[in-house]
J.: 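Take a look at this one; I'll ask things after.
When a ligand or atom number is given, it counts from 1 through the structure's own listing order.
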Amino acid sequence: MRKDIRDLRPGELRDYIISSGEPAYRSSQVCEWLYGKQVRIFDEMQNIPVSLRKVLKENFTINSLELKEKEVSKDGVVKYLLVLKDSNVIETALIPSEDRLTLCVSTQAGCRFGCLFCASALGGFKRNLVASEITGQLIEVQRLTGKKVTNIVFMGVGEPLDNLDNLIASVDILNHDEGFGIGRRRMTVSTCGLVPGIEKLKDKKTGVGLSVSLHSADEAKRSHLIPVNRKYGLTCLKNALKDFTEGCGYPVTLEYVLIPDYNMRKKDAEKLYSFCRGLKSKLNFIPYNPVSEKPWRMPDKTEIGKFTSEVEKMNLFYTLRKPRGRDIQAACGQLRLNKQ
Ligand code: SAH
């Protein structure tokens with residue numbers, strides 16, 4: 001099968017074009033058509049010689065993602081259900097705020113990790129997305145809205161560190177001046193705690209932010225919620241995170257979904273405190289977004305207040321994420337699960 005031309009990093013495209021006997025500047029022109037003008041067919045590349053267009057057409061494709069469905073929340077969050085060339089379905093969420101426009105992208109069709117509270121793995125794992133399918137989500141959303149995305153979070157369906165090579169290629173393309181020109185610190189990768197992936201991400205010096213779905217600092221509870229914790233437990237995870245922060249110099253984010261009667265007791269706050277000690281991190285609390293297939297509910301204000309006051313007593317700094325997209329199926333994998 002022919003590769004999508006946007007699976008190549010701009011530097012790789014340049015090498016390819018030079019090896020085809022064309023001058024290097026043609027590569028910048030092709031990138032402008034691909035990422036600036038976002039064309040879908042090679043023949044629209046008007047300033048590219050017909051002979052080069054022919055070579056590109058014979059060797060590559062430009063696949064586009066098709067919109068299947070869109071849900072708009074009252075708070076401005078828009079969730080898109082997009083169809084890939086092989087009919088697999090993925091979801092992408094656009095999250096506007098005062099100073100930025102964030103796109104939450106998927107990295108896999110389905111997920112292998114089966115976290116208990118999450119809808120993403122319920123339909124099983126289908127396959128990894130290639131780089132052009134990750135960046136393609138941004139192209140399609142920008143085309144539909146006419147707006148420019150400023151920040152990327154790899155927090156949609158799938159586990160980004162389980163698809164590391166394609167993830168890193170997409171980061172490079174999103175960042176490149178001839179790609180999308182999005183700063184590396186404006187991108188955040190979220191993981192359920194795949195320690196080997198965290199180590200590789202550190203070694204690759206990608207410069208992106210790292211966010212870890214912690215959700216409990218109690219070994220048994222975390223293993224129950226996030227099965228991969230049985231393989232890479234809390235001590236191993238904390239060591240990998242320490243190495244990561246020492247390597248890059250900035251803190252990691254610890255995501256903690258607040259689930260009533262599960263991880264919001266005084267003891268849970270104490271365990272969280274000991275996990276955070278000595279780790280350069282930012283704590284982000286997220287009220288659980290109920291999924292009909294799962295038994296849990298959303299915490300109320302009193303429950304949230306009680307837990308956060310325990311955390312405050314320990315002098316731990318945190319942010320509380322405003323629940324968004326509650327009137328649409330904005331939790332990870334929810335829309336995809338219900339529409340497949
Ligand atoms: N696999 C990666 C990225 C995808 S999940 C990871 O685990 O981090 C993105 C975030 O949404 C994770 O923190 C995940 O735990 C959280 N999440 C999933 N389902 C949720 C739900 N129903 N309510 C609140 N957060 C949820």
J.: Go through ligand 1 atom by atom and flag the ones less than 4.0 Å from a non-hydrogen atom of H215.
T.: 13 (O), 14 (C), 15 (O)
J.: Does NZ or CZ of K221 fall inside the cone over Y262's six-membered ring, less than 6.0 Å from its centre and within 45° of the axis?
T.: yes
J.: With heavy-atom distances below 4.0 Å as the criterion, list the atoms of ligand 1 near V291.
T.: 22 (N)
J.: For residues F307 and Y318, establish whether the separation of their ring centroids is below 6.0 Å.
T.: no
J.: If the cut-off is 4.0 Å to any non-hydrogen atom of C118, which atoms of ligand 1 fall inside it?
T.: 18 (C), 19 (N)
J.: Check each heavy atom of F113 against ligand 1 and say whether those closer than 4.0 Å belong to the side chain, the backbone, both or neither.
T.: neither
J.: Got a second to check how far T135's OG1 is from L34's CG, nearest 0.5 Å?
T.: 10.0 Å
J.: Out of A119, C192, C111, S213, whose heavy atom sits nearest atom 12 (C) of ligand 1?
T.: S213
J.: Under 3.5 Å between any N/O of G158 and any N/O of ligand 1: does that happen in this structure?
T.: yes
J.: So for G156, does at least one of its heavy atoms come nearer than 4.0 angstrom to any atom of ligand 1?
T.: yes
J.: On the ring face of F60, is R2 found with NZ or CZ under 6.0 Å from the centre and within 45° of the axis?
T.: no
J.: Can the ring centres of H176 and Y35 be said to be less than 6.0 Å apart?
T.: no
J.: Test side-chain hydrogen bond (donor to acceptor under 3.5 Å, both in side chains) on T253 and N284; report intermediate values, then the result.
T.: CA-CA 7 Å; T253 303; N284 190 19; over 6 Å; no
J.: How does V257 reach ligand 1, if at all, at less than 4.0 Å between non-hydrogen atoms: by side chain, backbone, both, or neither?
T.: side chain
J.: Could you tell me whether T191 approaches ligand 1 through its side chain, its backbone, both or neither, with non-hydrogen atoms closer than 4.0 Å?
T.: backbone
J.: Kindly confirm or rule out a cation-pi arrangement of R185 over Y250, judged by NZ or CZ under 6.0 Å from the six-membered ring centre and within 45° of its axis?
T.: yes
J.: Would one find an N or O of E255, backbone or side chain, under 3.5 Å from an N or O of ligand 1?
T.: no
